[in-house]
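Notes to accompany the following structure.
Hydrogens, waters and symmetry mates play no part in the numbers below; they use all other heavy atoms, side chains included.
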Amino acid sequence: MITSYLPSYYDGLMKKYPVVTQEEWQLLDSIAVIKHIRKGDSFLRYGKVARYSAFVISGLFKFSILDEEGTEKIIRFGFPDDFLANCESYNKKAPSAISITAMEDSVILRINIKRLQPLYNLHMNLLHVNLQLFQEISEQQTEHQHILSLKSPLQRYRFLLERRPAIVQKISLTNIARYLYISREALSRARLYLLDQNRNFCD
């Protein structure tokens, strides 16, 4: 049995994934490496085959793609205790169409996927977490598609404000605009409109 001490940054992960036992977290810790990533640096670059996954210990990340004009568009964000990976790139051994980039100085718990996958056959709790992560990603993708189906910048920003306030609070307007697939100017107008509405309501 592994009985080594777990660092405090596992506290959030243990709360988020309570099905995983102390021993299983210690097993993951034995194959994981702490990495510091500076703002603007990539965890995974466009065109590179994914070999690693990671849990975010601190900081923020963006998952982004490039459209046909080469313009960056953000498809989701990574907050503390979230999971960073591009399993499609790893499984197909194909160049990643997604870039995962630090939006501020960040710390991650990086795991080699090749070393992680065999553990799923031995520890059902880890397999359960893997399935939960896939479900979370699927739900985020569905929600993002719903946001993009809304016709106006105002509707998109209002949805974000109501359903994902953490994004509004922690992400810059420029990157929120890239997530909503609108211009920064359109986002600023929507934001000011809602602020004016709130002022009038309070008056």
Side-chain angles (χ1 to χ4, degrees), residues 12-13 15-20 42-46 50 52-69 71-92 94 96-104 106 108-109 113 126-195 197-198:
L13 292 172
K15 289 178 182 177
K16 187 171 183 179
Y17 305 106
V19 68
V20 180
S42 296
F43 169 73
L44 176 64
R45 291 184 177 88
Y46 298 115
Y52 298 98
S53 59
F55 287 105
V56 180
I57 294 173
S58 65
L60 293 171
F61 287 82
K62 60 182 177 181
F63 293 68
S64 57
I65 59 174
L66 296 176
D67 65 15
E68 294 177 355
E69 287 75 38
T71 302
E72 181 189 54
K73 292 186 174 179
I74 296 173
I75 56 175
R76 69 177 184 273
F77 298 101
F79 292 94
D81 299 325
D82 282 348
F83 193 65
L84 307 179
N86 183 350
C87 296
E88 182 180 7
S89 171
Y90 175 81
N91 291 331
K92 295 182 178 180
S96 177
I98 298 170
S99 179
I100 305 175
T101 309
M103 302 176 70
E104 61 185 36
S106 302
I108 62 171
L109 189 67
I113 302 175
L126 297 181
L127 178 60
H128 177 82
V129 169
N130 188 51
L131 296 174
Q132 182 178 337
L133 290 167
F134 273 109
Q135 183 177 351
E136 289 176 5
I137 292 170
S138 177
E139 289 172 354
Q140 290 171 9
Q141 291 174 335
T142 299
E143 181 178 77
H144 192 223
Q145 289 301 313
H146 174 71
I147 290 172
L148 299 183
S149 73
L150 300 174
K151 293 183 178 180
S152 71
L154 179 61
Q155 289 174 316
R156 295 182 184 185
Y157 183 67
R158 181 184 280 132
F159 181 95
L160 207 61
L161 199 60
E162 293 172 352
R163 305 291 183 89
R164 291 289 178 264
I167 291 178
V168 175
Q169 293 163 7
K170 296 182 179 181
I171 306 298
S172 69
L173 285 182
T174 296
N175 284 314
I176 291 175
R178 289 171 180 167
Y179 178 70
L180 298 179
Y181 290 18
I182 60 177
S183 69
R184 193 181 189 282
E185 292 73 22
L187 175 59
S188 294
R189 288 194 295 270
R191 183 169 172 270
L192 288 173
Y193 176 82
L194 290 176
L195 286 173
Q197 271 198 329
N198 288 336

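- Minimum interatomic distance between Ser99 and Ser42 (heavy atoms only, all atoms of both residues): OG-OG, 3.9 Å.
- Residues passing the ring pair (Phe, Tyr, Trp, His ring centres under 6.0 Å) test with Tyr52, sequence neighbours excluded: none.
- Contact detail for Ser64 and Tyr46: the closest heavy-atom pair is OG-OH, 3.1 Å.
- With sequence neighbours excluded, the residues satisfying ring pair (Phe, Tyr, Trp, His ring centres under 6.0 Å) with Tyr181 are His144.
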Open item on the list: Run Leu44 and Ile98 through side chain to side chain contact (heavy atoms under 4.5 Å, CB included) and show every step you take.
Closed with: CA-CA 8 Å; Leu44 176 64; Ile98 298 170; 5.5 Å; no

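- By the 4.5 Å heavy-atom criterion applied to side chains, Leu133 and Tyr17 are counted as neighbours.
- When the ring pair (Phe, Tyr, Trp, His ring centres under 6.0 Å) test is applied to Phe77, the partners found at least two apart in sequence or on another chain are Tyr179.
- For residues 182-194, the set of pairs meeting the salt bridge (Lys or Arg N to Asp or Glu O under 4.0 Å) definition, not counting sequence neighbours, is empty.
- Residues passing the side chain to side chain donor-acceptor pair (under 3.5 Å) test with Lys92 are Glu88, sequence neighbours excluded.
- Rounding to the nearest 0.5 Å gives a distance of 11.5 Å between CG of Leu154 and CG of Leu192.
- Looking at residues two or more places apart in sequence or on another chain, you find a side chain to side chain donor-acceptor pair (under 3.5 Å) between Lys16 and Asp82.
- Residues passing the ring pair (Phe, Tyr, Trp, His ring centres under 6.0 Å) test with Phe79, sequence neighbours excluded: none.
- In this structure, the separation between CG on Leu173 and CG on Leu187 is 5.0 Å, given to the nearest 0.5 Å.
- If you check the side chains of Thr174 and Ser172, you find no donor sitting under 3.5 Å from an acceptor.
- Counting heavy atoms from C-beta outward, Ile171 and Lys62 have side chains that stay 4.5 Å or more apart.
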- [ ] Take Ile108 and Phe61 through the test side chain to side chain contact (heavy atoms under 4.5 Å, CB included) and record every step on the way to the result.
- [x] CA-CA 10 Å; Ile108 62 171; Phe61 287 82; 3.6 Å; yes

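- Looking only at side-chain heavy atoms (C-beta outward), Tyr90 and Ser53 stay at 4.5 Å or farther from each other.
- Atom CD1 of Ile74 sits about 4.0 Å away from atom CG of Asn175, to the nearest 0.5 Å.
- Between Asp67 and Thr71 the shortest heavy-atom distance is OD1-N, 2.8 Å.
- Arg178 is linked by a salt bridge (Lys or Arg N to Asp or Glu O under 4.0 Å) to Glu72, counting only residues two or more places apart in sequence or in another chain.
- Within the structure, side-chain hydrogen bond (donor to acceptor under 3.5 Å, both in side chains) contacts touching residues 153-163 (residues at least two apart or in different chains) are Ser152-Gln155.
- In this structure Ser149 satisfies the side chain to side chain donor-acceptor pair (under 3.5 Å) test with no other residue, sequence neighbours excluded.
- Shortest non-hydrogen contact noted between Glu104 and Gly59 is OE2-CA, 3.3 Å.
- Under the rule for a salt bridge (Lys or Arg N to Asp or Glu O under 4.0 Å), Asp81 has no partner lying at least two apart in sequence or in another chain.
- Looking at heavy atoms from C-beta onward, Leu160 lies in side-chain contact with Ile147 at the 4.5 angstrom threshold.
- Here the straight-line distance linking atom OG of Ser188 with atom CD1 of Ile176 works out to 10.0 Å at 0.5 Å rounding.
- Glu68 CD: 12 or fewer foreign heavy atoms inside a 6.0 Å radius.
- Residue pairs meeting the salt bridge (Lys or Arg N to Asp or Glu O under 4.0 Å) criterion with at least one partner in residues 132-143, sequence neighbours excluded, are Glu143-Arg164.
- Of all heavy-atom pairs spanning Ser89 and Ala94, the tightest one is OG-O, 2.6 Å.
- Rounding to the nearest 0.5 angstrom, the gap separating the CG atom in Asn91 from the CG atom in Asn86 is 9.0 Å.
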